Amino acid sequence: MPELPEVETTRRGIQPYVQGRALRQMIVRERRLRWPVPDDLEQILAGRKILALARRGKYLLLKFSHGTALWHLGMSGSLRLVDPRLPADKHDHIDWVFNRDLALRFHDPRRFGALLWTEEPVEEHPLLKHLGPEPLEEHFDGAYLFRKTRKSDQAIKSWLMNARNVVGVGNIYANEALFNSGLRPLKKASTLSAIQCDRLAEAVKQILANAIQRGGTTLRDFVGGDGKPGYFAQELSVYGRGGMPCHQCGKILTEERLGQRSTVYCARCQK
DNA sequence: CCCGATTCCTGTAGGC
DNA sequence: TGCCTACAGGAATCGG
């Protein structure tokens, strides 16, 4: 599912093809996403040029001369470049058609994704306004984690997955980063030492950077698919491995639910 | 304010 | 084979 690395992969994959291009037509086959696609968006965007692509957390930002489209992939969404003559399947909800050969097609079976429009400065948008720092930027570090966790009784995993604290870390990467830093997911945030915060910040950065470098997973075959096998099966230490032996010590990995999310850890390696 | 539970949705997997 | 249920999860929103 698309977390920060997959959204970044999407941005990089489509940018060379869509930046500077004008939208000839927008086709909406299903408006009922996480929020309805704005009624008049087809009119607003027809003939307009995409000036730049950016990302904030898991939001893809497509900048036009008079506003910005916010595209969220939810958990089953993907954006692909296709030949517009390719028949749309059941879950291909939106096309941005650029010319007779090229369209950007949004596919999202579970419809947790969203396409919204704002003419305000994008950082003022209610969905973006309260987002925490980007994990790959410098001021997300151990000192930040230490400072912000002092008064929180929350489990560190839940804390990490809250976009107000830091963006882009979903269930998969939270489980992995905690394993890599030797911390139990249920450990109360306020009980982390400064050194543990350093390790955790580093682990988050490392796992996300590594995933981006590998082109994420969900959208690997996105443009010009290089045929590389999925990165996850090889790289995941704990996610999806409950009941299997720890790669590090051999102990059977514990799986439990924390905040309705499956949580996996090694009771020996993580304290 | 804080934090856990609920909610949206559909494809997939497991039990019988 | 098919029916049923549980589960997957981003994140806003609700409720205690």
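We use all heavy atoms of the structure for the numbers below, so side chains are in, but hydrogens, waters and symmetry mates are not. This one's a predicted model, so the numbers in the text were calculated from it and none came from an experiment.
One interatomic measurement links the two molecules: CZ of A:Arg56 to P of C:dA11, which rounds to 12 Å at whole-angstrom precision. Summarising the geometry, the separation between CH2 on A:Trp35 and C1' on B:dC8 is reported as 10 Å, rounded to the nearest angstrom. Following rounding to the nearest Å, A:Arg31 (CZ) and B:dC8 (P) show an atom-to-atom distance of 22 Å. Taking atom CE of A:Met75 as the reference point, atom P of B:dT12 lies 12 Å away to the nearest angstrom. In this structure, the CE atom of A:Met161 is 14 Å from the C1' atom of C:dA12, given to the nearest Å. Spacing between atom CG of A:Leu160 and atom P of B:dC3 amounts to 14 Å, rounded to whole angstrom units. Going from atom CZ of A:Arg110 over to atom P of C:dC7 covers 14 Å, rounded to whole Å. The distance from atom NE2 of A:His130 to atom C1' of B:dC1 is 14 Å, rounded to the nearest whole Å.
Without hydrogens or angle criteria, A:Lys205 side chain to A:Glu137 main chain gives a donor-acceptor distance under 3.5 Å. Between the side chain of A:Arg11 and the backbone N or O of A:Ala54 there is no donor-acceptor pair closer than 3.5 Å.
Taking only distance into account, the side chain of A:Arg261 never meets the base of B:dG4 through a donor-acceptor pair shorter than 3.5 Å.
Phosphate proximity of B:dG11 to A:Lys90: present, with a side-chain N or O under 4.0 Å from OP1 or OP2. Between A:Tyr239 and C:dG9 there is a side-chain polar atom (N or O) within less than 4.0 angstrom of OP1 or OP2. The phosphate of C:dA11 (OP1 or OP2) has a side-chain N or O of A:His72 nearer than 4.0 angstrom.
Using a 4.0 Å cut-off between charged nitrogen and carboxylate oxygen, A:Asp95 and A:Arg29 count as a salt-bridge pair. In this structure, A:Glu255 does not pair ionically with A:Arg241, as no charged nitrogen and carboxylate oxygen lie closer than 4.0 Å.
Residue whose closest nucleotide on DNA chain C sits further toward the 5' end, between A:Ser76 and A:Leu131: A:Ser76. When each of A:Gln154 and A:Arg111 is assigned the nucleotide of DNA chain B with its nearest heavy atom, A:Gln154 is the one assigned upstream, toward the 5' end.
Of the candidates C:dA12, B:dA5, C:dG10, the closest approach to any side-chain atom of A:Gln260 belongs to B:dA5. Here the side chain of A:His91 is nearest to one of B:dG4, B:dT10, C:dG9, namely B:dT10.
A:Ser158 comes within 4.0 angstrom of no nucleic acid atom, judged by non-hydrogen atoms across all strands. If you check every strand for non-hydrogen atoms under 4.0 Å, A:Asp108 touches nothing. The residue A:Trp159 sits apart from the nucleic acid: no heavy atom pair falls under 4.0 Å. Among the protein residues, A:Arg164 comes within range of no part of the nucleic acid, since none of its heavy atoms lies under 4.0 Å from any strand.
Residue A:Leu178 comes nearest to A:Pro185 through the heavy atom pair CD1-CA, 3.8 Å, listed as atom of the first residue, atom of the second, then distance. Between A:Ala114 and A:Arg34, the shortest heavy-atom contact is CB-CB, 4.1 Å.
Taking a centre distance below 5.5 Å and an interplanar angle below 30 degrees as the stacking criterion, A:Phe112 does not stack against the six-membered base ring of C:dA11.
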